[in-house]
Amino acid sequence: MVTNMSQPHYCGTAIDDFHTNYKYFHGYFSLIVCLLGTIANTLNIIVLTRREMRSPTNAILTGLAVADLAVMLEYIPYTIHDYILSASLPREKQLSYQWACFIKFHSVFPQVLHTISIWLTVTLAVWRYIAVSYPQRNRIWCGMRTTLITIATAYVVCVLVVSPWLYLVTAIAKFLETLDASGKTIHSVPLSQYILDYNREEDTITMQVMSSTTPEISWMQHRAYSNASFTTVLPLTTTTITGEDLPGVRNVTVFKLYHSALALHDRQLRNATFLIYSVLIKLIPCFALTVLSVRLIGALLEAKRRRKVLACHAASDMQPIVNGKVVTPTPTPKSCKLLEKEKQTDRTTRMLLAVLLLFLITEFPQGIMGLLNALLGDAFFLQCYLKLSDLMDILALINSSINFILYCSMSRQFRTTFTLLFRPRWLDKWLPLSQHDIDGRHGGQREGGGRQRLLHTDAVSKSMAIDLVGLTTQVTNV
């Protein structure tokens, strides 16, 4: 029998205390985050797919919102069953065959979507870096068609790469559990034939399995969201305890997600699973995001420095003299438009940097812990990773649901579009719209209004051009 004395200790009692105290709140907390995140990501999709919002960057953000929305919807039944209702369900319903099938799906589906989100975030960083550093080539390299192909490729490739090895290394196994009078598991014996055959091959070895409401395997990557307690599987020669031996004791048949026959016979495959998870899905994207974020920050500072230098040169240039008086030239509409466009580019880049940095805060620790799982084995997984899995879970869920707040707080175009779509008209009496929002609302009501404004703008531009020509002529004559 494997005991704690034979295993190294990696984490202290503080981790155990945190896990014990937090697991009672995790179900309700995660349910609230998922419900709010479902609403937020739905709003993101609605706003970002509007015609006036269509752009390569917003297309990537829409792909992110779709993946995050699917994760939220899938997690809701999981947290309700495994955290909120687990105490009121009998053991055989907690670990029924139908629920084991869902857990099998749960072990693959969120990981695939999460991998899609990670690589779409990397794509977003690359696209933004090209837009800031190589604006002349941005339309060629990062056009809408190229962006849509990249998004579709991310979805297809992640499904084909991640799904098979997650599916092959797990299987639904049948167990016979003995429960005491209070419903707690005394011990568990495997009934699936492939596990019995493996035990015979290993000459009746001792295994550890989860006896909690979450039938996850002891080496699975992130998404092993369980308040796991562990029980030792007795050798096959052990006699089953019945009610005649102890009062109130009963036997129940349960189904859990466990090592597949392939994974049981190939330890290297299990280690490779953690390495793929930690390195390919987590650490490489996080390293790429770190480098790109640093380059983006550098590009922002360089753009700010260039604008400052240009402003100083413009102020020091000789001002025109008309009729013996120094005349301060009025900024042209073109120069104002370019300046506003640069400021909008900086605001968008800052918003996307916030998305990238928040992503790094939640993903990088998971990659490090996944790598430690592969290097240190099951002892680290049981003592540290599982005890912190709920915390990593809620951070990942918050990261998937908070983008709406970032968009509203840092993107004026997103706020304007959202306001025009969802703001009630009766609020206009107490909270008047800005002139920009009023123009947008009227433009959405009357297509002809936009045409009239366009003609008016062209007329103003022509008159200003005539005035500028006259001013230039006066300066030349002087």
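Keep in mind that this is a model prediction, so the values were computed, not measured.
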Is a side-chain donor or acceptor of [X] paired with a backbone partner of [Y] at a separation under 3.5 angstrom?
X    : Y    : value
Q413 : E52  : yes
T49  : I46  : yes
N399 : I361 : no
S133 : I130 : no
S260 : L168 : yes
Y155 : G63  : yes
N21  : D17  : yes
S409 : L406 : yes
N58  : M53  : yes
E363 : K282 : no

Are the side chains of [X] and [Y] in touch, meaning some heavy atoms are under 4.5 Å apart?
X    : Y    : result
M369 : F380 : yes
T62  : N44  : no
Y75  : S30  : yes
N41  : F404 : no
H114 : V71  : no
V161 : V112 : no
L61  : L64  : yes
Y83  : D390 : yes

Nearest heavy-atom pair of [X] and [Y]: which atoms, and what distance?
X    : Y    : value
M72  : S401 : CE-CB, 3.5 Å
I116 : A154 : CG1-O, 4.0 Å
D68  : N403 : OD2-ND2, 4.1 Å
I281 : I118 : O-CD1, 3.1 Å
S278 : G367 : CB-O, 3.4 Å
K387 : F18  : O-CD2, 4.4 Å

Kindly determine whether F364 and L283 satisfy side chain to side chain contact (heavy atoms under 4.5 Å, CB included), including the steps that lead there.
CA-CA 7 Å; F364 193 71; L283 293 182; 4.2 Å; yes
Rounded to the nearest 0.5 Å, what separation is found between the [atom1] atom of [X] and the [atom2] atom of [Y]?
X    : Y    : atom1 : atom2 : answer
I394 : T79  : CD1   : OG1   : 8.0 Å
L166 : S107 : CG    : OG    : 6.5 Å
L397 : F29  : CG    : CZ    : 9.5 Å
S400 : L358 : OG    : CG    : 9.0 Å
W165 : L269 : CH2   : CG    : 10.0 Å
Q366 : S389 : CD    : OG    : 10.5 Å

Please work out whether the ring planes of [X] and [Y] are parallel, tilted or perpendicular, with thresholds of 30° and 60°.
X    : Y    : answer
Y129 : Y134 : perpendicular
F414 : F418 : parallel
Y78  : W99  : parallel
F105 : F102 : tilted

Decide side chain to side chain contact (heavy atoms under 4.5 Å, CB included) for Y385 and L372; before the verdict, give the C-alpha distance in whole Å, the side-chain angles of both, and the deciding distance to 0.1 Å.
CA-CA 9 Å; Y385 191 88; L372 291 176; over 6 Å; no
Ring centroid separation for Y22 and F25, is it under 6.0 angstrom?
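When the ring centroids of Y22 and F25 are compared, they turn out to be at least 6.0 Å apart.
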Derivation of the side chain to side chain contact (heavy atoms under 4.5 Å, CB included) call for V254 and Q94
CA-CA 8 Å; V254 297; Q94 290 180 17; over 6 Å; no
Could you give the side-chain donor-acceptor pairs of residues 145-153 under 3.5 Å, partners two or more places apart or in another chain?
unit_1: T147; atom_1: OG1; unit_2: W127; atom_2: NE1; d: 2.8
unit_1: T147; atom_1: OG1; unit_2: G143; atom_2: O; d: 2.8
unit_1: T150; atom_1: OG1; unit_2: T146; atom_2: O; d: 2.8
unit_1: T153; atom_1: OG1; unit_2: I149; atom_2: O; d: 2.7

Evaluate the criterion side chain to side chain contact (heavy atoms under 4.5 Å, CB included) for residue pair L31 and I76; output intermediate values, then yes/no.
CA-CA 6 Å; L31 179 60; I76 289 175; 3.9 Å; yes
Validate the cation-pi geometry between K104 and Y167: distance from NZ or CZ to the six-membered ring centre under 6.0 Å, angle to the ring axis within 45°.
yes
